[in-house]
Number of protein chains: 2
Amino acid sequence: MTKQEGIVLGVAGRLFREKGFAATTVRELATAAGMLPGSLHYRFPTKESLLVELMERGMMQAIERVRAAIEVEDTPLNKMRSALREHLSILVEGDDAIYVNLYEFRSVTGAARARILRLRDAYEALWDGMLHAAVGAGLIRAGLDLRMVRFLLLGAVNWSAQWYEENQNYTPGEVADAFFSISAFGFCNDGVGGLLAQSAERPEVQLTDVFDDGDRSG
Amino acid sequence: MTKQEGIVLGVAGRLFREKGFAATTVRELATAAGMLPGSLHYRFPTKESLLVELMERGMMQAIERVRAAIEVEDTPLNKMRSALREHLSILVEGDDAIYVNLYEFRSVTGAARARILRLRDAYEALWDGMLHAAVGAGLIRAGLDLRMVRFLLLGAVNWSAQWYEENQNYTPGEVADAFFSISAFGFCNDGVGGLLAQSAERPEVQLTDVFDDGDRSG
DNA sequence: GTATATCTTGGTCATATGACCAAACAAGAG
DNA sequence: CTCTTGTTTGGTCATATGACCAAGATATAC
């Protein structure tokens, strides 16, 4: 990737995120990148090719970042929490490519669509691996549909991009930890959070196993 | 609202959902509504006015439907579960106005933007009311940020519109109940779901208080 | 049955848009 | 210096787009 291409992809991410793919013109892209429309055409033959390039690079980067965040953790629950943090961090404070992946996929057609879907499958496989490992370790309560756990967690973080900008009272890590805490232990008083506070009958359950770095959200 | 306006709003919802607002042309809208562009212009002076009308009507209907679903329930948790079910049902099998509200708000400008934001606030107030009632009834574990509970639940259901179409193995009610069950009682084996299964020490906690109509997801 | 209000028709108009290109220019290799 | 390769310029072209309207058609009121 040349430096100029990097600039173009950067402004494309920003504009596609701000205005949407369909509402962004190639002239706006060229101007924002500091070049004329013809130069943009020289590097990316169509507007959609620019979108596809942006999405594929972004998705591959995200997979690598989350994979790295998982690797350094020890237990399945810590891996999940770390992956959630990394996912949300990329989405709300990383580059815009992942936001575009999530919200502009509709504009991708043809073969590129299938390629991006494969990348998504690879990312989801990371999550399913963690979830199955957690089941194998006896950490997940019986009778749950693991896909629903994934849909709940990833849906909540993906949607966070919609409200986070206006609501910066939280760090991405706080949001991710709150989502993890609620969905892992329940918001009900009878979930482990409440039960542990109410009794010492099960001392082997340690919240600090999960929140071990001191920045859990309040 | 005349019959013709209803038809126009219906096709507008469908097309805005399928292709997005920016990528839908007034000619497509007119053709799909069985009229000529001029007729469409007679009823809605601009494309954006059509979007705004669709969104405002949809939002008001949704508020009423969820309010009605809440009213017939007795306990705070049952109200929340019912609201979640209704919300998801409207989103994935109701008319398209709510999907458009969620995913095309970016295209609304000026005064209409503020009006729609007020409707959103009214909807969120419904949720905050339920959550505070649950806190008042001692049902929520201490130390949780209620906004995070709302963001988790509504984020997960709002995002469901992205994957539900391709994954119709579940009914909307099953999905909503699964999300509620996981986030209320936790996916961990040490959440209330697991603890209750493991011991009868707390017989006063009844899962069937929440899942009382027999169609909980598996 | 006529007058009035409502709606539709078929088209225009100015502008915006994505794609494209021939020629000019820049930079490095030999 | 010169040749070659890579890049930019400034613009064109056909089409698409949102907005709009004068005239005709239809329905409604009285």
Side-chain angles (χ1 to χ4, degrees), chain A residues 1-57 100 103-113 116, chain B residues 1-57 100 103-113 116:
Chain A
M1 180 170 63
T2 70
K3 184 185 171 187
Q4 299 277 12
E5 280 170 359
I7 293 173
V8 172
L9 288 175
V11 303
R14 180 166 56 82
L15 290 178
F16 290 167
R17 178 176 196 154
E18 283 173 10
K19 318 183 40 158
F21 174 76
T24 303
T25 71
V26 293
R27 284 164 179 82
E28 285 171 331
L29 288 167
T31 301
M35 56 182 67
L36 295 178
S39 302
L40 205 158
H41 177 71
Y42 171 73
R43 298 177 191 285
F44 300 95
T46 67
K47 190 168 75 153
E48 190 179 331
S49 72
L50 184 45
L51 175 68
V52 168
E53 191 69 24
L54 176 72
M55 288 176 67
E56 289 192 316
R57 282 178 195 278
V100 173
Y103 289 94
E104 300 293 338
F105 181 62
R106 157 166 58 193
S107 301
V108 180
T109 60
R113 202 179 172 88
I116 293 172
Chain B
M1 179 170 64
T2 70
K3 184 184 169 187
Q4 300 275 11
E5 281 169 0
I7 293 174
V8 172
L9 288 175
V11 303
R14 181 167 56 81
L15 290 178
F16 290 167
R17 177 176 196 154
E18 283 173 8
K19 318 182 40 159
F21 174 76
T24 304
T25 71
V26 294
R27 284 163 180 82
E28 284 171 332
L29 288 167
T31 301
M35 57 182 64
L36 295 178
S39 302
L40 205 158
H41 177 70
Y42 172 73
R43 297 178 190 285
F44 300 94
T46 66
K47 191 169 75 154
E48 190 179 332
S49 73
L50 183 46
L51 175 68
V52 168
E53 190 70 24
L54 176 71
M55 287 176 68
E56 288 192 315
R57 283 179 195 278
V100 173
Y103 288 95
E104 300 293 337
F105 182 62
R106 157 166 57 192
S107 300
V108 180
T109 60
R113 201 180 174 87
I116 292 171

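In what follows, chains carry the letters A, B, and so on, assigned in the order in which the sequence lines appear, proteins first and then strands, with residues in each chain numbered from 1. Worth saying up front: this structure is predicted, and the values here are computed from it rather than measured.
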Length of the NZ-P vector between B:K47 and C:dA16, whole Å = 15 Å

Whole angstrom value for the distance that separates C1' of C:dG18 from CG of A:L36 = 16 Å

remark   = Closest to the side chain of A:R43, out of C:dA19, C:dT8, D:dT7, is D:dT7

query = Is the backbone of A:L50 close enough, under 3.5 Å, to the side chain of A:R43 for a donor and an acceptor to pair up by distance?
reply = no

task = Please report, rounded to the nearest Å, how far the P atom of C:dT8 is from the NE2 atom of B:H41.
result = 13 Å

remark   = B:F44 CZ to C:dT8 P, in whole Å, measures 12 Å

Whichever of A:Y42 and A:G38 has its nearest DNA chain D nucleotide further upstream toward 5' = A:Y42

query = When the distance from CE of A:M35 to P of D:dG6 is rounded to whole Å, what number comes out?
reply = 17 Å

note = From CG of B:L50 across to P of D:dC20 the rounded distance in Å is 15 Å

ask   = Got a sec? Which of residues 6-33 of chain A come in under 4.0 Å of DNA chain D, heavy atoms?
value = none

ask   = Separation of A:L40 atom CG from C:dC20 atom P, in whole Å?
value = 13 Å

query = Under 4.0 Å between a side-chain N/O of A:T46 and OP1 or OP2 of C:dG18, yes or no?
reply = no

